[in-house]
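Quick caveat: nothing in here was measured; it's all calculated off a predicted structure. Convention: sequence-line order gives letters A, B, ...; per-chain numbering from 1.
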Amino acid sequence: MIKPDRIVATTCPYCGVGCVLNLHIKEDVVYRVTSPHDAPANHGNLCVKGRFGYDFIHSKDRLTQPLMRKDGELVPAGWDEAMGHVAERLLEIRDKYGPDSIGFLVSAKCTNEENYLMQKVARGLIGTNNVDHCARL
Amino acid sequence: MTNSIADIHLADVLLVTGSNTTEAHPVISLEMKKAVRQRGAKLILIDPREIELADFATLHLRPRSGTDVALLNAMAHVIIGQGLAKTQFIELRTENFDALKEAVKDCAPQWGEDVTGVPEKMIVEAAQVYGQAGSAAIFWAMGITQSSHGVDNVQALANLALLTGNFGKPGSGVNPLRGQNNVQGACDMGGLPNVITGYQPVADENVRAKFENAWQTGVKIPSKPGLTVTEMMNGVLDGRIKALYVMGENPALSDPNTNHVREALAEIEFLVSQDIFLNETAQLAHVVLPGVSFAEKDGTFTNTERRVQLVRAAMPVHGDARRDLDIICDLGQRLSGVDGKNFADVIRPVSDWTYAGASAVWDEIAALTPSMAGISHERLNPRGIQWPCPAEDHPGTPILHKEKFTRGLGKFTPLTFREPAENPDDEYPFTLNTGRILQHWHGGTMSRRSEGLDWVVPEGEIQINAEDGLRLRVASGDMIRVTSRRGEVTGKARLTDKLPRGMVFMNFHFAEVPANALTGDAVDPVAKIPEYKVSAVKIERV
Ligand code: SF4
């Protein structure tokens with residue numbers, strides 16, 4: 001059997017049951033998932049998604065660098081250039097059409113902290129309540 | 001959920017509706033099955049399909065799609081008529097009972113049968129089993145909410161629980177099973193157009209003042225609620241919305257009426273996508289910002305029973321991607337000019353958008369949110385805490401509404417049954433229903449990249465009733481075309497006797513067979529949730 005470098009307890013990224021996952025990691029790769037018996041929501045049970053649905057973390061399709069559309073094509077860009085462009089365009093559009101011309105979709109897949117900060121950007125910096133997520137879909 | 005997952009084992013009766021729990025919430029269905037088999041709990045299942053839980057049900061009611069309110073009203077009629085309503089609870093803790101009584105007065109079981117197709121006798125029996133239970137818990141999922149009258153459906157269920165005093169005690173309550181892992185949290189955190197964290201309304205002047213003071217960005221929070229996602233998409237088309245920032249979502253695939261959304265997104269002046277994959281939305285974006293997966297970040301998710309739980313970084317970030325919190329903070333700095341480079345004159349900077357990690361962000365949330373004031377990352381280790389948790393020595397709240405409801409008295413909502421926005425007719429004789437299957441997840445961006453899962457169920461099938469198939473001369477494996485008033489989709493047919501006649505079922509995990517190209521854009525007038533479960537379609541062999 002493979003011996004893990006470490007086992008990290010976290011929360012399943014798939015559904016709202018919130019099963020506790022123990023990620024077994026070897027050389028920064030998840031190779032096995034278990035769940036502790038005292039997990040509050042799932043008592044150690046996991047469904048097929050929680051137990052086996054982790055390959056996507058290491059997928060070759062993962063985005064590794066920012067992309068910007070230039071001449072109609074999405075091409076790799078540096079972080080500073082990409083972020084600078086986003087901020088510049090958002091402020092331009094806000095100043096030209098008003099704050100309510102911008103919408104923010106936050107995410108039922110992202111963490112609480114990320115969602116909080118994103119709506120803080122929308123409400124506190126742009127000045128719009130156009131904040132929603134797709135989970136009502 | 002008003003109650004907890006563990007309450008499944010404390011209920012005498014479980015009423016499950018609009019939730020194929022086995023497929024969408026497998027671990028919860030396991031608990032339900034245990035409750036039935038080991039403890040003899042009774043299960044009332046309301047679902048047109050012959051889903052797996054049907055094998056465990058005492059009663060399986062199969063109403064015509066979109067007639068939930070009629071069925072639930074008829075059950076309320078029986079509960080009142082047979083004296084099963086808990087008068088003391090109604091007197092002490094509720095209001096508007098007379099209005100409900102009036103509204104269900106004409107909803108006799110025979111009327112219920114005429115509208116829903118569920119036999120009168122079964123409606124009576126279901127009402128009796130639910131009404132006589134010492135404790136009864138209701139569970140539902142998207143089958144109830146994804147309807148042009150989803151809010152009515154939920155209120156009709158709440159009426160039943162109020163009538164029978166099934167609130168505030170173990171094994172009771174009304175319990176939505178949240179779909180995605182952090183729907184609960186996204187709503188709790190102010191990821192909605194009308195409320196900030198902990199459902200504090202933007203319309204409330206004191207709330208706005210509190211956040212403006214804490215944030216110190218110099219920007220006024222508008223008092224008017226913003227647009228919902230469906231309204232934003234319409235806004236793009238009619239020119240009101242010029243820019244969209246999309247984090248971790250894929251509306252180009254998951255929205256109803258996908259064609260309309262793609263048209264909108266292709267036209268927009270500026271689209272940003274922050275995601276881990278180049279999904280259908282990102283492909284249309286002007287800038288794509290690579291975030292990281294749950295395994296590379298710290299933070300919290302809140303599950304369907306309101307339990308805030310830790311997410312822990314297990315590995316370094318992938319490539320040159322960045323943690324999503326870092327991306328947002330960077331954006332915050334640039335927008336407020338505290339990076340010293342841009343726009344210093346645009347917004348007066350005070351909040352500097354630097355946090356010592358996710359736990360520090362949480363502390364800001366807790367400081368501004370009374371119902372979560374007692375929660376810190378430190379306290380969440382190892383079992384999480386269920387909000388409300390107003391103080392550091394508060395243990396959290398497994399059961400809501402114990403002594404009183406949040407609003408004081410529980411209010412009955414009188415409801416009138418309305419037909420779904422689109423019923424089948426001569427031209428489009430079938431009803432399309434959409435949903436999840438066990439092995440895949442939502443738009444499939446994660447699960448379809450997990451080899452084990454994609455191997456078990458690699459294709460998006462179109463399920464039809466076996467007799468309908470015979471009549472249309474379609475066999476399992478044949479290619480069929482499903483057409484609605486909004487679009488068409490071609491895919492492989494799968495004949496099944498689990499579906500009632502006249503129903504077509506598609507899951508929405510596969511971009512090649514995009515069920516949402518067919519669904520309508522009728523939405524619930526209050527919750528603005530689209531009607532996913534009832535669209536009229538026709539089927540042809542190709
Ligand atoms: S393991 Fe399965 S049931 Fe548990 S949270 Fe993950 S997806 Fe949901």
Problem set entry | Selection from B:L244, B:T304, B:V288, B:N381 maximising heavy-atom pairs under 4.5 Å formed with chain A | B:V288

Problem set entry | Which of A:C110, A:P66, A:G18, A:S101 touches chain B most, by non-hydrogen pairs under 4.5 Å | A:S101

Exercise. How many angstroms lie between CG in B:N250 and NZ in A:K109, if you round to the nearest 0.5 Å?
Worked result: 12.0 Å

Seminar exercise, completed: Only residue of B:V195, B:N194, B:I221 satisfying side-chain contact (heavy atoms from CB on, under 4.5 Å) with A:N129 is B:I221

For this session: Between chain A and each of B:E212, B:Q283, B:Q184, count heavy-atom pairs under 4.5 Å; write down the option with the most.
Result: B:Q283

Exercise. Given that the side chain runs from C-beta out, which part of A:A9 has a heavy atom under 4.5 Å from chain B: side chain, backbone, both or neither?
Worked result: both

Seminar exercise, completed: If one checks every heavy atom of B:P225 against chain A at 4.5 Å, the contacting part turns out to be backbone

Exercise. Under a 4.5 Å heavy-atom cut-off, does chain A meet the side chain of B:I268, its backbone, both or neither?
Worked result: neither

For this session: May I ask you to decide if B:P316's main-chain N or O and A:D28's side chain share a donor-acceptor pair within less than 3.5 Å?
Result: no

Exercise. Run the salt bridge (charged side-chain N to carboxylate O under 4.0 Å, His left out) check on B:E269 and A:K96 step by step: do they pass?
Worked result: CA-CA 12 Å; B:E269 218 177 291; A:K96 191 161 162 205; 5.0 Å; no

Exercise. Quick check: does any side chain N or O of A:H133 sit under 3.5 Å from a backbone N or O of B:G191, one acting as donor and the other as acceptor?
Worked result: yes

Exercise. Judged by atom type as modelled, is there a donor-acceptor pair below 3.5 Å linking the side chain of A:R123 to the main-chain atoms of B:F211?
Worked result: no

For this session: Taking A:T10 for its side chain and B:R312 for its backbone only, find out whether a donor-acceptor pair lies under 3.5 Å.
Result: yes

For this session: Identify which part of B:K297 has an atom lying under 4.5 Å from any heavy atom of chain A, answering side chain, backbone, both or neither.
Result: side chain

Exercise. Of all heavy-atom pairs between B:A186 and A:S107, which one has the smallest distance, and what is that distance?
Worked result: CB-O, 3.8 Å

Exercise. Side chain, backbone, both or neither: which part of A:T11 has a non-hydrogen atom closer than 4.5 Å to chain B?
Worked result: both

Exercise. Do B:V219 and A:I126 come within less than 4.5 Å of each other through their side chains, counting heavy atoms only?
Worked result: no

Problem set entry | Euclidean distance, A:L125 CG relative to B:Q333 CD, rounded to 0.5 Å | 11.0 Å

Exercise. For the candidates A:V20, A:I7, A:D5, A:V8, which exhibits the highest count of non-hydrogen atom pairs separated by less than 4.5 Å from chain B?
Worked result: A:V8

For this session: Please check if the side chain of B:S293 supplies one atom and the backbone of A:I57 the other of a donor-acceptor pair under 3.5 Å.
Result: no

Problem set entry | Under 4.5 Å from a heavy atom of chain B, the part of A:Y97 involved | side chain

Exercise. Going through the distances and angles, do B:V361 and A:E114 end up as a side chain to side chain contact (heavy atoms under 4.5 Å, CB included)?
Worked result: CA-CA 9 Å; B:V361 178; A:E114 289 154 3; over 6 Å; no

Exercise. Between the side chain of A:E113 and the main-chain N/O of B:T300, is any donor-acceptor distance below 3.5 Å?
Worked result: yes

Exercise. Got a donor-acceptor contact below 3.5 angstrom from the A:R6 side chain to the B:A314 backbone?
Worked result: yes

Seminar exercise, completed: Cut-off 4.5 Å, heavy atoms of chain A, and the answer for B:K242 is both

Exercise. About how many Å separate CD1 of B:I276 and OG1 of A:T64, when rounded to the nearest 0.5 Å?
Worked result: 12.5 Å

Exercise. Should the pair B:F294 and A:F56 be assigned to parallel (<30°), tilted (30 to 60°) or perpendicular (>60°) ring geometry?
Worked result: parallel

Problem set entry | Flag, side chain of A:N130 to backbone of B:G226, donor-acceptor distance under 3.5 Å | no

Exercise. Is B:R383 reaching over with its side chain to a backbone N or O of A:D38, donor-acceptor style, under 3.5 angstrom?
Worked result: yes

Problem set entry | Atom group of B:L310 that falls short of 4.5 Å from chain A, counting heavy atoms | backbone

Problem set entry | Over 12 foreign heavy atoms within 6.0 Å of NZ, A:K26 | yes

Exercise. Which region of B:L284, side chain (C-beta onward) or backbone (N, CA, C, O), has a non-hydrogen atom less than 4.5 Å from a non-hydrogen atom of chain A, or is it both or neither?
Worked result: backbone

Exercise. Hey, are B:T302 and A:N112 close enough side-chain-wise for a donor-acceptor pair under 3.5 Å?
Worked result: yes

Exercise. Which heavy atom of A:S59 sits nearest a heavy atom of B:F277, and at what distance?
Worked result: OG-CE2, 3.7 Å

Problem set entry | A:D132 and B:L227: CA distance, side-chain angles, deciding distance, side chain to side chain contact (heavy atoms under 4.5 Å, CB included) verdict | CA-CA 8 Å; A:D132 201 359; B:L227 303 178; over 6 Å; no

Exercise. Taking the six-membered ring for Trp, are B:F270 and A:H85 parallel (under 30°), tilted (30 to 60°) or perpendicular (over 60°)?
Worked result: perpendicular

For this session: Against chain A, label B:R208 side chain, backbone, both or neither, depending on which of its atoms sit under 4.5 Å from a heavy atom there.
Result: neither

Exercise. Between B:L289 and A:M83, does a side chain to side chain contact (heavy atoms under 4.5 Å, CB included) hold up when you go through it step by step?
Worked result: CA-CA 8 Å; B:L289 304 170; A:M83 293 304 299; 3.8 Å; yes

Exercise. How far does CG of B:N181 sit from SG of A:C12, to the nearest 0.5 angstrom?
Worked result: 7.0 Å

Exercise. Would you say A:T111's side chain and B:G299's backbone share a donor-acceptor pair under 3.5 angstrom?
Worked result: no

For this session: Against chain A, work out which of B:R323, B:E296, B:E31 has the most heavy-atom pairs shorter than 4.5 Å and name it.
Result: B:E296

Seminar exercise, completed: Ranking B:A358, B:A321, B:G190, B:G185 by heavy-atom pairs under 4.5 Å to chain A gives rank one to B:G190

For this session: Kindly compute the distance separating SG (A:C19) from CD1 (B:I28), expressed to the nearest 0.5 Å.
Result: 8.5 Å

Exercise. Could you give the distance from CG (B:N303) to CG (A:N42), rounded to the nearest 0.5 Å?
Worked result: 9.5 Å

